[in-house]
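Okay, structure first, notes after.
Please read all numbers here as calculations on a predicted model, not as lab measurements. These values consider heavy atoms only, across backbone and side chains, with no hydrogens, waters or symmetry-generated copies. Nothing fancy with the numbering, it's 1 onward along the sequence.
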Amino acid sequence: MNLIYLDNYRTTPVSDFVNERINEYNKENFFLPVSFTSKGTEAAENIEEAKNKIMNCFGCGGGEVVFTMGGTHANNLVISGLLRDEDLSDTEIVTSVIDHPSIVNVYEYYRKKGAKVHFVKVDGQGYIREDILAEKINEKTRLLSVTLVNHTIGTVQKIKKIIEIARNRNSKIKILLDACTAVNSIEINMDELGIDFLTFSGHKIYGPRGIGAIVSRKGVTFKPTIFGTVTTSTLMPGADNIPGILSLADALEKAVENRKSYVSHTMALQKKLIEFIDNNIPDAIINGPKYGERATDNVNYSFRFIEGESIMMFLDFENIIVATGSACASSDLKVNYILSAIGRDHELSHGSLRMTLGWLNDEKQIEKFCNELKPIVERLRNQSTIK
């Protein structure tokens with residue numbers, strides 16, 4: 001039986017194109033950028049070319065690219081690098097209650113260290129409350145961090161308006177944009193938006209795992225929090241992952257080149273999936289914005305009277321992979337913080353299912369998924385004591 005993979009926000013398969021480039025780089029372009037050698041110079045030039053590709057893809061007309069181990073690492077480096085030498089007792093930082101854990105958890109750490117941290121509430125669809133955001137930003141606010149596309153419910157934040165509010169309140173505030181789940185479907189121009197730092201990851205865009213990057217606009221930087229032998233960046237010392245760096249740039253270029261096709265492809269599948277659930281499965285509530293307003297590759301529903309974990313397990317028996325916000329499926333057994341923040345009660349949070357679409361999905365797969373989902377939900381509800 002062929003696998004139906006609907007968990008592309010967790011990770012994407014490496015594309016054939018990128019795999020070919022990785023193999024090529026591993027064989028021919030693995031050299032480190034050592035000075036005064038032809039191969040070392042060539043490696044340095046290759047890295048510089050990759051940086052220029054990445055900056056062009058994000059509309060960053062001059063700046064810097066720091067390569068990291070992924071999106072989580074990138075967010076940590078920026079936040080900690082900006083706060084390294086600050087007087088935390090006189091420092092404020094802002095994010096939303098539904099931002100990615102690689103932001104929220106770091107903010108919690110600095111809250112415990114003495115910084116004043118504001119977690120801005122969201123509305124029922126996951127949009128940052130602009131009125132509350134304006135209240136929380138002042139002259140002491142050092143950083144605003146925003147996840148552009150929410151990794152659970154697909155909400156695309158109104159980033160232009162958010163940045164406008166932030167800059168009006170504090171012209172010196174730094175803006176960090178987590179774009180890890182946005183790159184495939186959303187165009188981002190850093191210079192036009194006024195973004196200071198952008199983070200993204202290779203394994204979300206059909207590229208390699210273990211590689212990501214921070215893109216910072218010209219004149220903006222943060223301080224190092226890792227120290228060692230410097231090769232290409234004082235902000236990320238150590239031996240460079242040359243094949244990873246070069247294939248990351250290739251994967252990003254492909255994602256940008258194919259973005260319109262990707263949006264068209266995933267939107268059609270998303271519509272088919274949402275229409276089926278709305279028309280065929282009662283007591284199913286969509287989480288996040290309605291169709292046409294959310295990221296085109298995200299579908300998230302809560303099914304009353306049953307747990308998402310159970311649905312996920314029965315789908316897995318049919319070789320269908322999805323994700324759930326059920327507490328039982330997480331390591332800490334807590335209610336999903338994002339679903340809770342948009343007003344879902346314990347039952348609905350436990351009964352959530354996330355389907356994230358990608359290039360390898362097609363209409364036949366969605367039809368197969370729908371044909372399996374309905375009887376599974378019916379069977380579980382018949383057995384459920386939660387009524």
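- E86 and R142 are joined by a salt bridge, as a carboxylate oxygen and a charged side-chain nitrogen come within less than 4.0 angstrom of each other.
- Ion pair E192/K160 not flagged as a salt bridge, since none of the NZ, NE, NH1 or NH2 atoms sits closer than 4.0 Å to an Asp/Glu carboxylate oxygen.
- A distance of 6.0 Å or more separates the ring centres of F276 and F369.
- Counting only N and O atoms by type, the side chains of S302 and N287 include a donor and acceptor under 3.5 Å apart.
- Shortest non-hydrogen contact noted between M236 and H73 is CE-CE1, 3.2 Å.
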Derivation of the ring pair (Phe, Tyr, Trp, His ring centres under 6.0 Å) call for Y110 and Y107: CA-CA 5 Å; Y110 282 102; Y107 271 46; 8.1 Å; no
Verdict with reasoning, N170 to T141, per side chain to side chain donor-acceptor pair (under 3.5 Å): CA-CA 7 Å; N170 181 345; T141 310; 5.0 Å; no
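- Classification of D196 and K174 as a salt-bridged pair fails, no side-chain N sitting under 4.0 Å from a carboxylate O.
- With T147 as the fixed residue, the side-chain hydrogen bond (donor to acceptor under 3.5 Å, both in side chains) test singles out one of T181, N75, D99: D99.
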D278 vs Y301, side chain to side chain donor-acceptor pair (under 3.5 Å): CA-CA, chis, key distance, verdict: CA-CA 10 Å; D278 284 347; Y301 273 85; 2.7 Å; yes
Full working for salt bridge (charged side-chain N to carboxylate O under 4.0 Å, His left out) between K368 and E372: CA-CA 6 Å; K368 168 69 174 173; E372 295 292 346; 2.7 Å; yes
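- With a 4.5 Å cut-off on side-chain heavy atoms, F314 and L380 count as touching.
- Between the side chains of S145 and T95, not a single donor N or O lies within less than 3.5 Å of an accepting N or O.
- Checked for salt-bridge contact, E139 and K172 miss the test: no charged N lies under 4.0 Å from a carboxylate O.
- Applying the side-chain hydrogen bond (donor to acceptor under 3.5 Å, both in side chains) test between N138 and each of E92, K116, H118 identifies E92 as the sole match.
- Taking the six-membered ring where the residue is Trp, Y206 and Y262 present perpendicular rings, their angle passing 60° and hence far from 30°.
- Atom CG of L148 sits about 10.5 Å away from atom SG of C180, to the nearest 0.5 Å.
- A donor atom on one side chain and an acceptor atom on the other are found under 3.5 Å apart for T232 and D240.
- Of the charged side-chain nitrogens involved, none lies within less than 4.0 Å of a carboxylate oxygen, so that K364 and E367 do not count as a salt-bridged pair.
- We find that K218 and D191 are not joined by a salt bridge, their nearest charged nitrogen and carboxylate oxygen being 4.0 Å or further apart.
- Donor-acceptor pairing under 3.5 Å is recorded for the side chains of N361 and Q365.
- Salt-bridge annotation for D123 and R129: absent, with no side-chain N of the basic residue lying under 4.0 Å from a carboxylate O of the acidic one.
- Classification of D250 and K53 as a salt-bridged pair holds, one side-chain N sitting under 4.0 Å from a carboxylate O.
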